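Each chain gets a letter, A, B and so on, in the order the sequences are listed, and its residues count up from 1. The structure displayed is predicted, hence computed values, not measured ones.
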Protein chains: 2
Amino acid sequence: MKEIQTVWPVGVKKTKPRACVLSVLEHAESPLSAMDIYSRIEKDTSTVWLSTIYRILELFVEKGVVVKTTVMNNEMAIYELNHYQHKHYAVCVSCRKIVAMNNCPMEKFVPKLADNGFHVLGHKVEMYGYCKECDPNP
Amino acid sequence: MKEIQTVWPVGVKKTKPRACVLSVLEHAESPLSAMDIYSRIEKDTSTVWLSTIYRILELFVEKGVVVKTTVMNNEMAIYELNHYQHKHYAVCVSCRKIVAMNNCPMEKFVPKLADNGFHVLGHKVEMYGYCKECDPNP
DNA sequence: TATGTAAATGCACATGATTCGCATTTGCAT
DNA sequence: ATGCAAATGCGAATCATGTGCATTTACATA
């Protein structure tokens with residue numbers, strides 16, 4: 001497995017399970033669920049218990065190294081490295097693939113949102129539709 | 001309890017539990033979870049089992065009478081009557097109150113989204129922050 | 001480098017939302 | 001009124017996730 005090895009999060013003790021989880025996330029092409037991470041670890045190195053993975057992910061999220069999301073009103077949470085980039089997701093309703101979007105429609109919108117007396121700290125945008133491969137009428 | 005009674009969904013057999021669920025939703029001031037509905041029913045009329053409520057909600061969603069959503073990456077789904085209005089939510093990070101928004105930032109954005117080859121069918125926008133009551137610095 | 005200790009993990013089991021199975025009841029067409 | 005398919009009551013299953021506790025590990029200090 002290729003070594004990418006980003007900087008290790010500060011104040012986090014370096015253990016094998018944590019290194020495994022981080023490594024999987026570094027090599028991931030899209031956000032992964034805890035279960036995804038679990039199965040990808042098993043392949044090469046040591047086994048890491050699922051509950052441990054949840055604990056590690058929780059820690060990484062807290063440290064800001066990882067971002068947790070859920071899409072499509074259901075099922076599992078997904079995790080990815082925090083690239084400190086404002087990002088949103090599009091989910092294919094057919095194959096469930098998750099496509100990350102880079103441009104954000106909220107930039108111009110949020111500032112004029114004080115009308116409801118709601119102080120916006122953050123937001124989440126999610127789109128659903130067909131990815132290139134699944135579109136029945138492209 | 002005041003009678004609002006919207007039209008009964010077509011092709012849906014009229015039963016007491018279904019009428020209860022619909023009535024609760026008609027009187028709700030914000031989207032409710034299945035459990036919320038459960039406890040609001042107990043008060044006045046008959047008891048409806050939680051699993052039945054889930055089945056009823058599933059049916060109503062399928063018939064288009066009810067809209068199901070989840071907010072803030074969290075566990076429970078919330079349900080509300082479908083007012084056939086494009087709507088998004090803002091969630092207060094302090095009291096968890098859900099405020100519905102009427103204007104939508106996506107209208108101008110979605111059309112020019114074909115760049116990723118993604119065919120957008122729908123979207124979801126969610127904001128989090130402080131509601132009027134909880135804002136520490138208004 | 002050895003080692004004591006707090007923190008992390010393995011493991012099994014708890015939990016909370018949601019769903020499922022099946023016997024009983026109910027709405028409604030006849 | 002009554003028969004039957006559909007809905008519900010009820011319990012128990014499921015699935016993602018969290019927790020408790022004994023054991024192991026990383027790392028500071030000697």
Rounded to the Å, how far apart are [X] [atom1] and [N] [atom2]?
| X | N | atom1 | atom2 | value |
| --- | --- | --- | --- | --- |
| B/Glu62 | D/dA6 | CD | P | 14 Å |
| A/Phe60 | C/dT9 | CZ | C1' | 14 Å |
| B/Ile53 | D/dC10 | CD1 | C1' | 14 Å |
| B/Arg55 | C/dT25 | CZ | C1' | 13 Å |
| B/Lys16 | D/dG9 | NZ | C1' | 13 Å |
| B/Leu59 | D/dA6 | CG | C1' | 11 Å |
| A/Lys63 | C/dA7 | NZ | P | 12 Å |

Closest approach to the side chain of [X], judged atom by atom: which nucleotide of [options] is it?
| X | options | answer |
| --- | --- | --- |
| A/Trp49 | C/dA17, C/dC28, C/dG10 | C/dG10 |
| A/Pro17 | C/dG10, D/dT17, C/dC28 | C/dG10 |
| A/Ser51 | C/dT18, C/dA8, D/dG18 | D/dG18 |
| A/Lys13 | D/dC10, C/dA7, C/dT9 | C/dA7 |
| A/Val48 | C/dG10, D/dA7, C/dT18 | C/dG10 |
| A/Tyr54 | C/dT9, C/dT18, D/dA16 | D/dA16 |

Could you tell me whether the phosphate oxygens of D/dT25, OP1 or OP2, come under 4.0 Å of any side-chain nitrogen or oxygen in A/Thr15? no
Below 4.0 Å: OP1/OP2 of C/dG27 and any side-chain N or O of B/Arg18: no
What heavy-atom pair brings [X] and [Y] nearest, and what distance separates the two atoms?
| X | Y | value |
| --- | --- | --- |
| A/Pro17 | A/Thr52 | CB-CG2, 4.3 Å |
| A/Gly64 | A/Asn82 | O-ND2, 3.0 Å |
| A/Thr70 | A/Met76 | CG2-O, 4.1 Å |
| B/Pro9 | B/Phe60 | CG-CE2, 4.2 Å |

On DNA chain C, compare the nucleotides closest to B/Val12 and B/Leu50; which residue's is nearer the 5' end? B/Leu50
